[in-house]
Engineer: 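Just dropping this structure here.
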Amino acid sequence: MSEPLVSYELDGNVALIGLNRPDKRNAINDALIVELRAAVWRAHDEASVGLLFGHGSNFCAGLDLAEALARATGKIVPPRKRRRHNWHEVFDQIARGPIPFVAALHGAVVGGGLELATAAHLRVCDETALFGLPEGQRGIFVGGGGTVRIQRVVGTTVMMDMMLTGRLLNAAEGLTEHLVRYVEPAGGALAKAKALALRIAQNTIETNWKIVNVLPRIQDMSHDDGLFVEQLNSAMARPPEVEQRLREFVEGKAKPLQSPSK
Ligand code: 1HE
């Protein structure tokens with residue numbers, strides 16, 4: 001049997017989801033999207049946090065250009081279910097599903113690879129990471145939610161530059177432009193992402209759900225509507241676990257907050 005295009009492993013309550021086409025730099029073809037979709041849905045069912053990473057020397061080289069060419073020249077027809085299984089659906093289920101996702105990035109994080117990475121809620125890279133949007137050079141356009149998500153992360157000025165010139169940003173630039181929150185030495189992104197995922201998994205499932213679902217929606221709202229939705233969410237009935245956590249703090253038994261350097 002051939003290797004899966006997406007690996008899946010449940011480590012405690014963290015779902016490790018690995019793009020697994022290293023010989024093609026984890027380029028995303030239709031078959032990979034179908035497997036990624038299944039992995040994300042499975043993580044929703046059984047994990048508290050998802051972790052995306054790439055096998056081999058890169059996170060992801062974006063759209064499979066060979067398959068795109070074959071499609072453009074009529075050599076292959078898109079699967080009938082393509083519309084329902086497309087990138088937007090899967091990436092949105094990462095970005096606005098029930099659990100947070102962390103992405104561990106290294107090597108090429110380009111085109112659709114960057115779109116996938118920015119669907120995750122927290123991104124870590126190592127020093128080998130290179131971020132780019134080479135769609136302009138390939139004569140195509142972003143199609144995995146990049147205009148919505150990447151533009152929001154880096155701002156229009158930076159995204160315009162990345163798309164018009166196709167220039168790559170290194171890890172330090174990625175940090176400056178908020179593509180990542182943490183930069184690790186080469187080879188260190190996955191371990192750091194796992195540590196972050198484990199920490200996030202200690203939050204209540206309800207609060208994590210609110211963080212990843214309420215924040216982006218409030219960004220789309222007016223000031224007034226945003227405050228109203230915040231109030232609704234903060235006033236929502238609290239499960240018993242919350243009472244216990246509040247009591248731990250009030251009784252001086254809660255763990256101190258993490259120091260900023262960690
Ligand atoms: C691929 C792809 C791919 C590699 N589709 N096959 N993405 C891009 O424009 C990026 C294209 N890729 C690259 O620029 C480079 O491959 C990398 C910088 C990512 C890595 O370089 P390197 O030297 O390590 O690998 P390589 O020798 O270029 O590639 C190794 C193999 O992977 C080779 O196949 P092989 O059969 O000759 O061994 C490459 O053809 C294959 N490969 N990248 C197909 N992308 C929904 S809209 C989203 C739009 C986009 O994503 S646009 C960005 C597309």
Side-chain angles (χ1 to χ4, degrees), residues 17 19 25-30 32-34 36-37 40 50 52 54 58-65 67-69 71-72 78 81-97 100-103 105 107-125 129-171 173-181 211-223 225-226 229:
I17 298 178
L19 307 181
R25 307 308 184 249
N26 296 327
I28 302 174
N29 60 12
D30 283 337
L32 188 145
I33 278 287
V34 170
L36 180 61
R37 181 179 191 276
V40 168
L52 299 167
N58 300 269
F59 175 68
C60 176
L63 174 70
D64 186 316
L65 297 169
E67 192 178 73
L69 176 64
R71 231 184 343 258
K81 288 191 178 158
R82 188 172 159 75
R83 275 207 198 109
R84 293 185 50 211
H85 284 201
N86 72 8
W87 295 34
H88 281 175
E89 184 210 26
V90 181
F91 292 8
D92 246 23
Q93 278 301 313
I94 295 169
R96 295 185 175 202
F101 274 81
V102 181
L105 309 172
V109 186
V110 299
L114 185 55
E115 295 184 290
L116 172 59
T118 50
H121 306 95
L122 191 54
R123 292 171 295 279
V124 183
C125 75
L130 291 168
F131 305 97
L133 292 169
E135 283 82 352
Q137 282 117 309
R138 308 293 178 227
I140 54 178
F141 196 66
V142 284
T147 54
V148 177
R149 271 192 278 274
I150 300 174
Q151 182 160 217
R152 205 161 250 185
V153 171
V154 304
T156 305
T157 307
V158 174
M159 186 158 175
M160 281 280 183
D161 177 24
M162 290 175 80
M163 287 205 72
L164 289 171
T165 67
R167 96 182 165 86
L168 295 170
L169 307 187
N170 62 24
E173 290 170 302
L175 187 63
T176 306
E177 303 305 346
H178 302 123
L179 285 170
V180 290
R181 285 287 295 147
I211 293 169
V212 301
N213 281 280
V214 176
L215 253 64
R217 283 178 175 82
I218 285 185
Q219 267 194 321
D220 291 335
M221 291 177 194
S222 68
H223 180 96
D225 290 344
V229 171

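Only heavy atoms go into these numbers, but all of them, side chains included; no hydrogens, no water, no symmetry mates. Computed from a predicted model, the values in this text were never measured in an experiment.
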Engineer: For Ala117 versus Ala103, what's the shortest heavy-atom pair and its separation?
Structural biologist: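 Ala117 and Ala103 have their closest heavy atoms at O-CB, 4.3 Å.
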Engineer: Would you check if Leu169 and Thr176 make a side-chain contact, meaning some heavy-atom pair closer than 4.5 Å?
Structural biologist: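 No - every pair of side-chain heavy atoms lies 4.5 Å or more apart.
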Engineer: So, Asp64 side chain and Ala27 main chain: donor-acceptor pair closer than 3.5 Å or not?
Structural biologist: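 Checking the backbone N and O of Ala27 against the side chain of Asp64, no donor-acceptor pair under 3.5 Å is found.
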Engineer: Do Leu122 and Pro100 come within less than 4.5 Å of each other through their side chains, counting heavy atoms only?
Structural biologist: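 No, too far: nothing below the 4.5 Å cut-off.
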Engineer: Is the shortest side-chain heavy-atom distance between Val109 and Arg123 below 4.5 Å?
Structural biologist: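 Answer no - side chains too far apart.
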Engineer: Is there a donor-acceptor contact under 3.5 Å from the side chain of His121 to the main chain of Ala95?
Structural biologist: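 Pair found, side chain donor or acceptor close to backbone of Ala95.
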Engineer: Answer yes or no: is there a donor N or O on one side and an acceptor on the other, between the side chain of Asn86 and the main chain of Glu89, under 3.5 Å?
Structural biologist: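 Checked: pair present.
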Engineer: Pair Val154, Thr118 - check side-chain contact (heavy atoms from CB on, under 4.5 Å), show working.
Structural biologist: CA-CA 10 Å; Val154 304; Thr118 50; over 6 Å; no
Engineer: In chain order, what residues pass the ring pair (Phe, Tyr, Trp, His ring centres under 6.0 Å) check against Phe91, with sequence neighbours excluded?
Structural biologist: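 So Phe91 forms a ring pair (Phe, Tyr, Trp, His ring centres under 6.0 Å) with Trp87.
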Engineer: Does a salt bridge link Asp92 with Arg149, judged by any charged N lying under 4.0 Å from a carboxylate O?
Structural biologist: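 Salt bridge between Asp92 and Arg149, a charged N being under 4.0 Å from a carboxylate O: yes.
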Engineer: Hey, does Arg37 have a side-chain heavy atom less than 4.5 Å from the side chain of Gln93?
Structural biologist: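 Gln93 does not reach Arg37 side chain to side chain.
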Engineer: What distance separates Cys60 SG from Leu32 CG, expressed to the nearest 0.5 Å?
Structural biologist: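 Answer for the SG-CG pair, Cys60 versus Leu32, is 7.5 Å.
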Engineer: Tell me which one of Val158, Thr147, Ile150, Val142 satisfies side chain to side chain contact (heavy atoms under 4.5 Å, CB included) with Met163.
Structural biologist: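 The passing option is Val142.
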Engineer: Look at the side chain of Asn170 and the backbone N and O of Ala129, then say whether any donor-acceptor pair between them is shorter than 3.5 Å.
Structural biologist: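 Checking the backbone N and O of Ala129 against the side chain of Asn170, no donor-acceptor pair under 3.5 Å is found.
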Engineer: I would like to know whether Leu105 and Leu179 meet side-chain contact (heavy atoms from CB on, under 4.5 Å); could you show each step before the answer?
Structural biologist: CA-CA 10 Å; Leu105 309 172; Leu179 285 170; over 6 Å; no
Engineer: Is any side-chain heavy atom of Val110 closer than 4.5 Å to one of Leu168?
Structural biologist: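 Of all side-chain heavy-atom pairs linking Val110 with Leu168, at least one is under 4.5 Å.
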Engineer: Any Lys/Arg nitrogen of Asp220 or Arg152 sitting under 4.0 Å from an Asp/Glu carboxylate oxygen of the other?
Structural biologist: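 Arg152 and Asp220: salt-bridged.
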Engineer: Determine whether a donor-acceptor pair (N or O, by modelled atom type, separation under 3.5 Å) exists between the side chain of Asn58 and the backbone of Asn26.
Structural biologist: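 Not confirmed, Asn58 side chain does not pair with Asn26 backbone.
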Engineer: Give, for atom CZ of Arg71 and atom CG of Leu65, the distance between the pair rounded to the nearest 0.5 Å.
Structural biologist: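 Interatomic distance, Arg71 CZ to Leu65 CG, rounded to 0.5 Å: 10.5 Å.
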Engineer: Does atom CE of Met221 have more than 12 heavy-atom neighbours from other groups under 6.0 Å away?
Structural biologist: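 Above 12, so yes.
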Engineer: What I'd like to find out is whether the side chain of Val212 reaches to under 4.5 Å of the side chain of Phe101, using heavy atoms alone.
Structural biologist: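 No, too far: nothing below the 4.5 Å cut-off.
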Engineer: Check whether any side-chain heavy atom of Leu116 sits under 4.5 Å from a side-chain heavy atom of Leu36, and report yes or no.
Structural biologist: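 Yes, at least one pair of side-chain atoms sits under 4.5 Å.
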Engineer: Heavy-atom count check: over 12 atoms from other residues, nucleotides or ligands less than 6.0 Å from Arg181 CZ?
Structural biologist: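 No.
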Engineer: Mind jotting down which residue pairs meet the salt bridge (Lys or Arg N to Asp or Glu O under 4.0 Å) criterion with at least one end in residues 129-140? Sequence neighbours excluded, please.
Structural biologist: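 Listed by first then second residue: nothing to list.
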Engineer: Roughly how far apart are Asp161 CG and Leu133 CG, rounded to 0.5 Å?
Structural biologist: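 Going from the CG atom of Asp161 to the CG atom of Leu133 covers 10.0 Å.
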Engineer: If we ignore hydrogens and angles and just use 3.5 Å, is the side chain of His88 paired with the main-chain N or O of Gly143 as donor and acceptor?
Structural biologist: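 Judged by distance alone, yes, a pair lies under 3.5 Å.
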Engineer: Looking only at heavy atoms, which two atoms of Leu114 and Gly132 are closest? And how far apart?
Structural biologist: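 The pair with the smallest heavy-atom distance is CD2-O, 4.0 Å.
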